[in-house]
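Each remark here refers to the structure printed beneath this line.
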2 protein chains.
Amino acid sequence: MPGTTPPLGGRHVATGHEVLAAVLQVRDGRLRVLAWQRGIAPDEGRWALPGGHLRDDEDVEESVRRQLAEKVDLSDVAHVEQLGVFSAPHRVPDARIVATAFLGLVPSDADPAVPDDTAWQPVDALPPTAFDHAAIVDDALDRLRAKLSYTNIGFALAPAEFTVSALREIYAGALGHPVSATNLQRVLTRRGQLEPTGAVSPPGPAGGRPAALFRFTRRTLRVTDAFAVLRPPGEVGRAVVP
Amino acid sequence: MPGTTPPLGGRHVATGHEVLAAVLQVRDGRLRVLAWQRGIAPDEGRWALPGGHLRDDEDVEESVRRQLAEKVDLSDVAHVEQLGVFSAPHRVPDARIVATAFLGLVPSDADPAVPDDTAWQPVDALPPTAFDHAAIVDDALDRLRAKLSYTNIGFALAPAEFTVSALREIYAGALGHPVSATNLQRVLTRRGQLEPTGAVSPPGPAGGRPAALFRFTRRTLRVTDAFAVLRPPGEVGRAVVP
DNA sequence: GCAAAAGTGTTACCCGTACACCCATGG
DNA sequence: CCATGGGTGTACGGGTAACACTTTTGC
């Protein structure tokens, strides 16, 4: 089984495996992705996702965390998960590089220092992107939006403590449509994702009732409401893992 | 960005990328996976998933279809999708090989010719497996069982035409628990996945009402019932893509 | 008291499960 | 006419969306 695949003809000058991450954050109500502007050809001037070559002594998840550490404070990245492989033969010119893509999430209150060429770009108005990175961002969006429905993945976009209004804005930004605070609180509470801290947040200058502060009960990914139709006989309601 | 990652030290004798497929089929009521028994070290005698090295001129999906063609008649493989990357540094000994894993599905009435060292092994009683292939089979099971709930993926396990009873057996085998024919028909019909062919299947020697024959309305993967909680305002019921 | 913001109660509707009941055929 | 397998009708329960209503604050 072992054996290096030889390059085909002389067209490819390099072969390897890279990791790439679509790191998402809700900033001022919009979902944004971390990207850097390429200063050299190919695709000079276009925006690329952070990443780099996989080393022999690390798996792809270790690698993506190592690469992200060069762009942001890793402690700000609350969740990382694999999206899939991008492997079209000429996805990058003059080389044969297979990429493993990742989704990364950063809480809305984190403001990590980033290099000068790096910025948070809104996902609904992306500037021109390098290579196939736009497709990776699309996959990341699909994954995040789906998992907001049936997992507790919101913990990775929210601060440690927050009001339901603040959480509503985060969900609305991530999902791209309005979200009802009433129903958001009800759904997440019923699933055991939220717990009150006991503290309250003082109202703004216009008055209003002080908002209770909440936190996520768990800060690791958990499927809270798997969509299980055709479930085993005798199981009532949805299958919720305890 | 281009540049080959050099092997670390002298321990690794080979580097590359392979594709592996967990091809599943329901045979005589049990879910089984296609595997071949290794005749040489390492892991001699253990059972491995079909696959092989990725070439420079193909993407991973083309590659897995090419590799499978060496084991089975490709026209029998009704669906292929990517599971993810397995990349632990020493997942195979004395080499550095990253694997992209796939799920493949074969209809229950297909009986492709397979090589002598290859067999359909029951997933609930797998013989000893090579390398990390057991983890790939686990991922394939999870993916299939989840998608049976919210997509039309059953088309890839079912014959072109079938009775509801036959389909019930396929779903029960795949899910690993009993399935009600009544509710299976109702759920799939409501989602527009099933349509009657008009023909009927004659009853067996013990008598009984002749069963109507059905087919899947579409034979490509489609999400029929995405689990969308917190859906956009104004949308009634589940979000079903038309 | 009034406006503003937060939180609760209530209702309507969709969907899947369970189960009773009717249908068509062979012996 | 009875056993066997196929198919339909109906009741129940769980869960979310929508919206009216109450609570608590600043001015």
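Because only heavy atoms are used, hydrogens play no part in the values below, and waters and symmetry mates are left out as well, while side chains stay in. The sequence lines fix the lettering, A, B, ..., with proteins before strands; numbering per chain opens at 1.
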So does [X] get a side-chain nitrogen or oxygen closer than 4.0 Å to the phosphate oxygens (OP1/OP2) of [N]?
| X | N | result |
| --- | --- | --- |
| A:Gln185 | C:dA6 | no |
| A:Arg209 | C:dA4 | no |
| A:Arg191 | D:dT16 | yes |

Using whole Å, report how far [atom1] of [X] lies from [atom2] of [N].
| X | N | atom1 | atom2 | answer |
| --- | --- | --- | --- | --- |
| A:Arg231 | C:dT17 | CZ | P | 5 Å |
| A:Asn183 | D:dA17 | CG | C1' | 5 Å |
| B:Phe162 | D:dG6 | CZ | C1' | 15 Å |

Please work out if [X] contacts a base, only the sugar-phosphate, or nothing of the nucleic acid, heavy-atom cut-off 4.0 Å.
| X | result |
| --- | --- |
| A:Ser165 | sugar-phosphate |
| B:Ala212 | sugar-phosphate |
| B:Pro205 | sugar-phosphate |

Both A:Pro210 and B:Ser180 contact DNA chain C. Taking the nearest nucleotide for each, which residue is further toward the 5' end?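 On the 5' side of the pair lies A:Pro210.
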What does the inter-axis angle of the helix from C:dG1-D:dC27 to C:dG27-D:dC1 come out as, five pairs per end, nearest 10 degrees?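 The end-segment axes of the helix from C:dG1-D:dC27 to C:dG27-D:dC1 are tilted 20° relative to each other.
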Donor/acceptor link under 3.5 angstrom from B:Arg186 side chain onto base of D:dG9: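 For B:Arg186, whose side chain was compared with the base of D:dG9, there is a donor-acceptor pair (under 3.5 Å).
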